[in-house]
Amino acid sequence: MILEKIKKENDIKSLEPEELELLSEEIREFLIEKISNTGGHLASNLGVVELTMALHLVFDLPKDKLIWDVGHQAYTHKLLTGRKSGFDDLRKYGGMSGFPKRKESACDAFDTGHSSTSISAGLGYVAARQIKGEDHYVVSIIGDGSMTGGMAYEALNNASRLKSNFIIVLNDNNMSISENVGGMSNYLDRIRTANAYKELKKGVEDTLLKIPVQGEKIVQRMRKTKSGIKQLVVPGMFFEDMGITYLGPVDGHDVNKLKKIFTEAKKVDHAVLIHVLTKKGKGYKPAEENPARFHGTAPFTIETGEPKNKSIKDSYTDVFSKVLCDIAKNDEKVTAITAAMAGGTGLDRFQKYFPDRFFDVGIAEEHALTFAAGLAAGGMKPVVALYSSFLQRAYDQAIHDICLQNLPVVLAVDRAGLVGSDGETHQGVFDLSFLSSIPNMTVISPKNRWELADMLRYSVDFQYPIAVRYPRGNAYEGLQEFRTPIEYGKSELIYREKGIAIIFVGHMAQTAEQVRLLLKQKGYGCSLVNARFIKPIDENMLDELTKEHTLFVTIEENILIGGFGSQVLTYVSQHAEHVEVLNMGIHDNYVEHGDVEVLRRDAGLDAESIVEKVIEKFETIRMEK
């Protein structure tokens with residue numbers, strides 16, 4: 001195998017030309033085999049095999065810096081830097097990350113996980129290179145989907161002022177996760193169909209040169225102005241007009257052509273953008289035909305592409321999707337917004353039934369929230385469905401554009417809590433803290449599938465900003481006998497006893513049930529309360545519980561600082577000095593990748609760990625009394 005010759009970075013340079021084509025085939029076979037067992041990002045990685053090979057052939061790592069936007073397409077990069085053995089434990093606890101990690105390899109120049117960041121990071125590297133007087137190349141590889149994010153244009157605006165080399169590779173596959181939308185997508189479409197622009201330019205010039213006397217003068221005049229022949233026939237003028245040299249488009253699956261254009265780009269003394277055309281999922285038919293499904297995939301059967309473990313239960317996302325469509329059938333004011341995640345958030349169903357009320361704004365979370373604010377101000381009922389980790393990007397818009405005006409926007413916060421294999425950049429463990437800090441914002445979280453349905457209906461009719469927080473995975477079906485109506489600011493008392501009161505947030509219901517059962521088996525009285533409202537907290541319930549309980553235990557899958565538990569602790573410390581509070585949640589650190597149950601044990605959020613802490617705390621209270 002040719003791949004066996006790659007032991008470390010730059011080993012690819014020693015391969016013979018005829019070995020390179022075999023290497024690309026072996027890499028695809030390797031990725032398909034490994035990801036079919038571990039799960040991971042398949043389609044995006046299959047699409048950049050030759051592109052990555054060419055980068056490694058032309059540049060010297062780790063001296064030169066490759067910055068992968070989002071980073072989910074860096075698997076070939078990891079292979080070519082000697083991390084082949086790590087793929088057996090890809091995205092598993094303690095194993096290799098599915099994203100670039102500086103602590104993992106010196107060849108990973110920048111940690112990435114969210115989109116539209118690579119050009120900004122690359123500019124920072126270029127500035128550092130200039131200040132330190134270093135001599136190396138900086139290459140930012142950004143997908144066309146990431147070009148729908150505003151941060152990319154902020155960076156391009158600054159890149160246009162550079163007086164030294166900076167290479168931007170635009171990987172154009174017409175996909176982010178869902179198919180691309182918007183003006184930049186349309187612009188790139190036109191470029192893709194303009195591969196013969198050089199021939200057209202030459203033809204125009206040749207025709208003009210045939211004009212007696214004046215022909216050559218006309219050509220020279222047009223060459224000197226950006227509004228002349230270049231404006232007519234060069235598709236990259238959007239970038240050229242910004243002061244960024246445009247090269248391409250080039251076939252992203254032709255290593256020799258890529259090597260040539262990268263070598264030319266190294267000679268440019270300012271910012272240069274190389275437009276590369278690739279096919280997402282290339283080399284594996286199921287991924288080519290359905291790249292969105294194979295963007296991030298669970299383990300699958302190679303022959304069919306079907307998941308190895310199909311779930312027959314509805315996920316929380318499925319419940320959200322079905323209920324929102326049911327609501328929209330009877331309320332024409334309901335609109336739905338996604339940021340390039342129609343499939344991931346379940347809004348593809350809404351798009352199918354209500355296309356005129358569905359909006360995919362591209363990878364532009366900030367715009368999504370302010371757009372929703374405008375819809376709400378215009379009399380509509382917008383529902384914005386985003387992953388928790390991506391909602392972080394729109395914090396200012398939540399404060400300034402939605403909550404400051406107290407507009408009725410529903411934030412459907414999907415993938416809240418621990419999400420597992422994607423790691424630090426994707427864990428949704430901050431939303432309770434940052435949303436609860438915003439005036440006028442109401443935050444709620446359901447304990448099971450039925451409560452999510454009730455909360456969604458409640459939220460759509462709510463006249464103020466509200467966020468509904470729910471996790472990834474199968475919707476919990478326990479506690480279904482408890483389904484009291486949703487009342488503003490009211491929690492739900494499920495079991496009432498004495499001594500210890502467990503107050504859980506949303507999908508921690510099952511864990512809280514297990515904790516209560518274990519405590520009762522050990523002889524402890526234990527009440528169980530479903531918080532429902534994270535903001536505002538139910539102060540009346542807390543006051544009532546202080547009468548017969550000496551320990552409150554809060555359980556949430558969110559960072560402890562500023563979370564639900566901290567609000568309970570603050571209130572109790574001011575109103576009930578005889579009650580102690582034990583907050584169980586995520587401590588002040590980032591949670592790495594791994595199976596969710598393993599991550600919970602590591603964080604002390606499994607039932608056994610919680611019970612141990614509760615008993616220790618409760619016995620200490622007894623002794624002190």
Side-chain angles (χ1 to χ4, degrees), residues 2-3 5-28 30-31 44-69 73-82 100 107-109 118 122 125-126 135-144 164-173 191-192 195-198 235-236 239 244-280 282-283:
I2 308 300
L3 188 54
K5 296 183 179 183
I6 308 295
K7 305 296 184 183
K8 63 183 185 307
E9 63 273 11
N10 302 314
D11 279 355
I12 190 175
K13 298 181 193 302
S14 64
L15 297 182
E16 297 297 328
E18 60 270 18
E19 292 180 304
L20 293 176
E21 186 173 345
L22 292 174
L23 178 61
S24 65
E25 294 176 4
E26 289 183 10
I27 288 174
R28 285 194 169 88
F30 178 88
L31 292 178
S44 54
N45 282 288
L46 293 179
V48 298
V49 172
E50 290 84 5
L51 169 58
T52 309
M53 288 170 55
L55 287 167
H56 280 254
L57 285 164
V58 173
F59 297 96
D60 295 317
L61 273 62
K63 179 185 177 183
D64 295 330
K65 312 301 177 186
L66 301 184
I67 302 172
W68 298 90
D69 203 274
Q73 75 281 49
Y75 291 7
T76 299
H77 166 75
K78 294 197 175 197
L79 280 173
L80 297 181
T81 50
C107 296
D108 292 356
S118 63
Y125 259 112
V126 170
D135 179 24
H136 59 78
Y137 293 98
V138 178
V139 184
S140 293
I141 306 101
I142 185 168
D144 53 333
S164 65
N165 183 267
F166 174 38
I167 299 171
I168 303 164
V169 176
L170 173 57
N171 174 31
D172 179 1
N173 59 25
I191 292 180
R192 293 184 201 105
N195 289 333
Y197 75 87
K198 288 183 179 179
F239 304 105
I244 298 171
T245 293
Y246 172 90
L247 300 177
V250 60
D251 182 354
H253 301 296
D254 188 321
V255 173
N256 289 327
K257 288 182 179 179
L258 289 167
K259 284 174 57 182
K260 182 177 180 181
I261 203 167
F262 290 153
T263 301
E264 290 299 312
K266 292 168 73 172
K267 300 174 184 177
V268 179
D269 63 357
H270 51 271
V272 53
L273 183 140
I274 304 169
H275 184 188
V276 179
L277 302 179
T278 63
K279 183 176 181 61
K280 198 169 184 178
K282 181 175 174 60

- How would you list, by chain and number, every residue that makes a salt bridge (charged side-chain N to carboxylate O under 4.0 Å, His left out) with K267, sequence neighbours excluded? E264

- Query: CG of L46 to CG of N173: how many Å apart, nearest 0.5 Å?
  - Reply: 11.5 Å

- Query: Considering residues at least two apart in sequence or located in another chain, which fulfil the salt bridge (charged side-chain N to carboxylate O under 4.0 Å, His left out) criterion with E19?
  - Reply: K5

- Item | Those residues that, when tested against K8, pass salt bridge (charged side-chain N to carboxylate O under 4.0 Å, His left out) (two or more places apart) | D11

- Task: Would you please test H270 and S164 for side-chain hydrogen bond (donor to acceptor under 3.5 Å, both in side chains) and show each step?
- Result: CA-CA 4 Å; H270 51 271; S164 65; over 6 Å; no

- Query: Sequence neighbours excluded, which residues qualify as ring pair (Phe, Tyr, Trp, His ring centres under 6.0 Å) partners of H56?
  - Reply: H77

- Task: Just grab all the salt bridge (charged side-chain N to carboxylate O under 4.0 Å, His left out) pairs involving residues 47-59, residues at least two apart or on different chains.
- Result: R28-E50

- Hey, what do you get for CG (L57) to CG (L80), rounding to the nearest 0.5 Å? 8.5 Å

- Counting only N and O atoms by type, is there a donor-acceptor contact under 3.5 Å from the side chain of Y125 to the main-chain atoms of Y137? no

- Please say which of V255, T52, I2, V49 ends up in a side chain to side chain contact (heavy atoms under 4.5 Å, CB included) with S24. V49

- Message: Let me confirm one number: the NE2-NZ distance from H253 to K279, rounded to the nearest 0.5 Å.
- Response: 8.0 Å

- Task: Take the angle between the ring planes of F59 and F262 and call it parallel below 30°, perpendicular above 60°, tilted in between.
- Result: tilted

- Query: Residues two or more places apart in sequence or in another chain: which of them pass side-chain contact (heavy atoms from CB on, under 4.5 Å) with I261?
  - Reply: L247, V250, I274

- Task: Hey, could you give me the CG/CZ distance between L273 and F239, rounded to the nearest 0.5 Å?
- Result: 5.0 Å

- At their closest point, which heavy atom of G252 faces which heavy atom of V276, and how far apart are they? CA-CG1, 3.2 Å

- Message: Give me the atom names and distance for the closest heavy-atom approach of I141 to Q73.
- Response: O-NE2, 4.4 Å

- Note on the structure: Looking only at heavy atoms, the pair that brings A54 and L258 closest together is CB-CB, 3.5 Å

- Message: Under the side chain to side chain contact (heavy atoms under 4.5 Å, CB included) test against I6, which residue among L15, I27, L79 passes?
- Response: L15

- Task: Applying side-chain contact (heavy atoms from CB on, under 4.5 Å), name anything that partners T263, two or more places apart in sequence or on another chain.
- Result: V58

- Message: I need the full list of salt bridge (charged side-chain N to carboxylate O under 4.0 Å, His left out) pairs touching residues 52-69, with sequence neighbours left out, sorted by first then second residue.
- Response: K13-D60

- Item | Polar contact flag, side-chain donor to acceptor under 3.5 angstrom, H275-D172 | yes

- If you measure from CD on E25 to CG on L20, what distance do you get to the nearest 0.5 Å? 11.5 Å

- Task: Could you list the residues that satisfy side-chain hydrogen bond (donor to acceptor under 3.5 Å, both in side chains) with T76, not counting sequence neighbours?
- Result: none

- Query: Can you name the side-chain contact (heavy atoms from CB on, under 4.5 Å) partners of S140, sequence neighbours left out?
  - Reply: I67, S118, F166

- Message: Within the structure provided, determine whether V272 and I244 are in side-chain contact (heavy-atom separation under 4.5 Å).
- Response: no

- Take atom NZ in K260; do more than 12 heavy atoms of anything else shown fall under 6.0 Å from it? no

- Task: Not counting sequence neighbours, which residues clear side-chain contact (heavy atoms from CB on, under 4.5 Å) with E9? List them please.
- Result: L61, P62, T81, C107

- Note on the structure: Residues passing the side-chain hydrogen bond (donor to acceptor under 3.5 Å, both in side chains) test with N171, sequence neighbours excluded, are T278

- Query: For the atom pair CH2 (W68) and CD1 (I142), what is the distance rounded to the nearest 0.5 Å?
  - Reply: 13.0 Å

